[in-house]
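Structure record follows, encoded as structure tokens.
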Protein chains: 2
Amino acid sequence: MKRRTGAATIAEVAAAAGVSPATVSRVMNDRFLGDASIAERVRSVAIDLAYSPSHLARSLALGQTSAIAFVVPDLANPAFQAMLSSLSKAAAKDGYRVLVADSAESPSDEPLLVSEIRRRCDAVVLCAPRMSDAELVSLAGSLRPLVLINRANDQIDAPSLSIDYRSGIQDLAQHLADLGHRHLVFIEGPEGSASNRHRVDGLDDFQRRSPGVRIDRIPGGATSEDGLAVAARVRDSGATAALAFNDLVAIGLLNGLINLGVRVPEDMSVTGFDDIPFARYTTPPLTTLSVPHEELGAQAWHRMRALVSGEKPEPNVVFHPRLEVRGSTGPAPR
Amino acid sequence: MKRRTGAATIAEVAAAAGVSPATVSRVMNDRFLGDASIAERVRSVAIDLAYSPSHLARSLALGQTSAIAFVVPDLANPAFQAMLSSLSKAAAKDGYRVLVADSAESPSDEPLLVSEIRRRCDAVVLCAPRMSDAELVSLAGSLRPLVLINRANDQIDAPSLSIDYRSGIQDLAQHLADLGHRHLVFIEGPEGSASNRHRVDGLDDFQRRSPGVRIDRIPGGATSEDGLAVAARVRDSGATAALAFNDLVAIGLLNGLINLGVRVPEDMSVTGFDDIPFARYTTPPLTTLSVPHEELGAQAWHRMRALVSGEKPEPNVVFHPRLEVRGSTGPAPR
DNA sequence: CTGTTAGCGCTTTCAA
DNA sequence: TTGAAAGCGCTAACAG
């Protein structure tokens with residue numbers, strides 16, 4: 001099987017420098033303890049031959065790739081992008097690279113996608129709101145080292161980072177109730193989404209202990225388009241305030257409402273969730289819950305680093321999003 | 001060197017199934033032409049042993065990883081995120097994964113970063129506005145297969161996708177001139193950025209053939225913070241319209257101006273560049289140049305696919321951004 | 001200090 | 001049709 005890749009191999013460098021491959025390997029990895037002149041010679045031969053070590057072969061020999069996967073439901077969502085950006089930056093500091101995958105690519109086969117990408121690297125940071133608990137549990141074993149985002153689960157032995165959607169959405173509802181709103185409508189996220197379920201649970205709770213408040217739900221999604229699409233239904237719902245699944249939806253909704261001549265917040269209040277970088281720049285600026293995505297990405301790497309180096313990862317954390325009151329919410333119209 | 005990874009190997013599966021590794025390999029890759037019953041047996045043994053082929057070993061034997069790198073100056077910029085999202089989606093359809101790197105991680109050593117990540121995969125899609133032409137030329141050879149974004153260059157034999165910043169910024173300037181603005185100020189991008197240079201050249205050109213128009217320049221950057229930071233200088237510049245390096249800067253500037261009590265567009269017009277998804281949602285909505293980032297990502301993959309399969313890639317393309325007039329520009333105040 | 005050698009786990013030619 | 005064996009390029013025991 002001759003395959004001239006064009007790149008020089010360690011054996012060629014060794015031959016040209018009159019030493020053994022082991023010596024070249026040592027020199028290239030700064031583990032060489034012999035005479036400086038020979039190290040110098042090896043280095044210069046390597047340069048002459050434009051030798052560049054095969055990361056692949058090295059990985060195989062070492063049994064590790066120094067790469068991890070980051071799997072999210074939607075790479076186009078700024079919330080996940082922020083996590084990716086900080087995760088990648090943190091991992092890079094330790095010589096790790098990140099491989100990305102958008103599970104929307106294969107909505108049907110998330111487990112397959114994750115397993116496939118896992119085989120290419122050393123570990124995975126998984127953000128899979130739509131995967132069922134059962135699937136997740138059965139998959140977890142083969143995925144380790146694994147860090148979970150937003151899917152804390154007793155049955156899975158993997159560090160997890162999560163966001164308290166439940167209490168977060170209640171803060172939002174409370175804020176609206178305080179403003180006098182008595183009829184709210186929640187635009188739901190993707191069907192089957194765990195994080196959507198937490199929001200719904202939180203809202204149910206809230207409604208239970210707030211007798212005067214009614215909370216309707218209408219199906220939505222996770223994108224601006226979804227928000228835009230439900231604008232008319234939201235206007236016609238009779239509610240005076242709308243809680244969107246996330247900021248993207250809220251922004252689309254805001255736009256749709258304005259197009260329909262609904263004034264925000266005079267006629268209707270609107271809230272988001274995430275506090276993506278642009279939430280503060282909308283018209284009006286969006287009242288939302290601030291989730292520290294950069295922090296999540298960085299923390300995910302800390303856990304992961306501990307895992308891959310055989311240490312004990314720091315404890316799991318649950319982030320409590322912070323209510324960020326801006327201009328899109330106001331007193332209920334009478 | 002015993003290293004029990006825990007995962008079954010092809011040899012173990014072969015032994016358990018009473019066949020040779022070669023047979024297992026053939027079965028796993030659907031290249032097996034023998035008796036169906038033995039294929040069945042191999043498959044079931046593989047499942048029992050939870051065998052999952054080592055992508056690493058396979059890559060080494062095959063001489064390819066089915067992964068490409070995507071290197072950008074700033075992973076936190078929505079423009080690059082849009083490209084990443086579509087690139088990743090397109091590549092995934094052909095069984096390729098993408099490895100990301102943010103060159104802001106190592107501002108000093110972009111060439112090193114790129115070389116390092118290139119060694120981990122089969123090819124690289126490079127977006128390196130700040131690298132010098134000389135560096136790029138000397139690097140290109142060792143990077144191939146290579147697709148360049150925004151760095152068309154005669155001396156480099158690599159497909160390139162670019163954006164006509166030069167004429168784009170002129171469209172913007174013309175739009176402002178048509179509105180009666182005679183004194184513009186351009187907030188420059190990062191120092192040494194090629195795409196910034198193109199904008200500056202375009203503006204110089206424009207000024208040359210528009211005698212009545214004066215265009216100042218002030219140093220800026222590429223982020224919202226940079227835009228925010230120059231707000232006061234922009235207000236005091238005496239100009240009636242500001243062209244920001246990109247949308248991020250424009251959004252920060254918009255915010256800063258408003259904080260300073262400057263009305264946009266009544267007192268001053270502001271423009272961006274990129275048309276990121278949120279440009280339409282700012283207050284006022286941002287007049288900008290629309291760059292088809294998703295298209296760029298998808299096209300980059302098309303070129304790359306051709307390259308890695310030894311075909312001739314489609315011709316280079318230069319995208320002409322489309323002027324998107326929205327609310328942040330208006331008639332010059334008198 | 002340096003080289004020999006045996007892997008890492010898979011693919012593929014070649015021969016049976 | 002199937003298997004033996006030789007790589008892919010690198011690392012790390014173990015000798016010397």
Side-chain angles (χ1 to χ4, degrees), chain A residues 1-43 45-46 49-67 116 118-122, chain B residues 1-43 45-46 49-67 116 118-122:
Chain A
M1 181 173 38
K2 284 275 80 91
R3 189 176 20 250
R4 287 289 19 164
T5 61
T9 71
I10 199 172
E12 291 167 357
V13 174
V19 297
S20 76
T23 296
V24 177
S25 172
R26 290 178 183 121
V27 171
M28 299 306 289
N29 295 296
D30 290 322
R31 271 189 241 306
F32 183 74
L33 302 173
D35 195 280
S37 73
I38 141 158
E40 209 29 71
R41 177 153 42 95
V42 168
R43 264 188 261 275
V45 169
L49 266 42
Y51 168 67
S52 107
S54 157
H55 189 87
L56 213 50
R58 184 161 203 280
S59 295
L60 184 60
L62 252 31
Q64 68 151 58
T65 64
S66 299
E116 188 275 333
R118 170 63 182 85
R119 272 189 270 113
R120 294 168 171 262
C121 56
D122 299 342
Chain B
M1 182 173 38
K2 286 274 82 87
R3 191 177 17 251
R4 286 291 17 167
T5 61
T9 72
I10 198 172
E12 291 166 357
V13 174
V19 298
S20 76
T23 296
V24 177
S25 172
R26 290 179 182 119
V27 171
M28 300 305 289
N29 295 296
D30 290 322
R31 272 190 241 306
F32 183 75
L33 301 173
D35 195 279
S37 73
I38 140 159
E40 210 29 71
R41 178 154 41 95
V42 168
R43 264 188 263 273
V45 169
L49 266 44
Y51 169 66
S52 106
S54 155
H55 189 86
L56 213 49
R58 184 159 203 279
S59 294
L60 184 60
L62 254 30
Q64 68 152 57
T65 63
S66 298
E116 188 275 334
R118 169 64 182 84
R119 273 190 269 114
R120 294 169 171 261
C121 57
D122 298 342

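Per chain, numbering begins at 1; letters A, B, ... match sequence-line order. As a basis for the values below, the full set of heavy atoms in this structure was taken, side chains included, without hydrogen atoms, waters or symmetry mates.
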For residues 22-32 of chain B, which side-chain donor-acceptor pairs fall under 3.5 Å, sequence neighbours excluded?
from	atom 1	to	atom 2	distance (Å)
B/T23	OG1	B/S20	OG	3.4
B/N29	OD1	B/R58	NH2	3.0
B/N29	ND2	B/S25	O	2.8

Closest-nucleotide 5' rank along DNA chain D - winner of B/A57 and B/L33
B/L33
Provide, to the nearest angstrom, the distance between the CZ atom belonging to B/R31 and the P atom belonging to C/dC10.
15 Å
Taking the axis from the first five pairs and the axis from the last five, what angle separates them in the helix from C/dC1-D/dG16 to C/dA16-D/dT1, rounded to 10 degrees?
40°
Between B/S54 and C/dG9, does any side-chain N or O lie under 4.0 Å from OP1 or OP2?
no
From C/dC10, D/dC10, C/dT12, nucleotide with atom closest to A/I10 side chain:
D/dC10
Counting only side-chain nitrogens and oxygens, does B/S25 get under 4.0 Å of the OP1 or OP2 atom of C/dT11?
yes
How long is the line joining CG of B/L56 and P of D/dC10, in whole Å?
13 Å
For atom CG of B/L62 and atom P of D/dA6, their distance in whole Å
20 Å
Euclidean distance, atom CG of residue A/D35 to atom P of C/dT2 [Å, nearest integer]
7 Å
Find the distance B/Q64:CD to C/dT11:P and express it as a whole number of Å.
12 Å
Indicate whether OP1 or OP2 belonging to C/dT2 is found under 4.0 Å from a side-chain N or O atom of A/T23.
no
For the backbone of A/R118 and the side chain of B/H55, can you confirm whether one donor and one acceptor N or O come within less than 3.5 Å of each other?
no
Between CG of A/L60 and C1' of C/dA6 the distance, given in whole Å, is 13 Å
If we ignore hydrogens and angles and just use 3.5 Å, is the side chain of B/D122 paired with the main-chain N or O of B/S66 as donor and acceptor?
yes
Closest approach to the side chain of A/Y51, judged atom by atom: which nucleotide of C/dC10, D/dC10, C/dC1 is it?
D/dC10
Return no unless some side-chain N or O of B/S20 is found under 4.0 Å from OP1 or OP2 of D/dG3.
yes
Could you please name the option among D/dT2, D/dC10, C/dT2 that lies closest to any side-chain atom of A/T9?
D/dC10
Let's see if you can work this out: which of C/dG7, C/dT11, D/dA12 has an atom nearest to the side-chain heavy atoms of A/A61?
C/dG7
Search all heavy atoms of B/A8 against all heavy atoms of B/L49 and return the closest pair with its distance.
CB-O, 3.7 Å
Counting the atoms with a prime plus P, OP1 and OP2 as sugar-phosphate, which does A/V19 contact under 4.0 Å by heavy atoms, base, sugar-phosphate, or nothing?
sugar-phosphate
Out of D/dG9, C/dT2, C/dT4, which has the shortest distance to the side chain of A/A22?
C/dT4
Tell me the interatomic distance from A/E12, atom CD, to D/dC8, atom C1', rounded to whole angstroms.
13 Å
Using modelled atom types only, decide if a donor and an acceptor are shared between the side chain of B/R120 and the backbone of A/S54 within a distance under 3.5 Å.
no
Tell me, please, which residues at least two apart from A/E40 pass side chain to side chain contact (heavy atoms under 4.5 Å, CB included).
A/R43
Protein-nucleotide distance (B/R26, atom CZ; D/dA4, atom C1'), rounded to Å
11 Å
In Å, rounded to the nearest 0.5 Å, how long is the span from SG of B/C121 to CG of A/L56?
10.5 Å
Can you find a heavy atom in the side chain of B/D35 that is under 4.5 Å from one in the side chain of B/I38?
yes
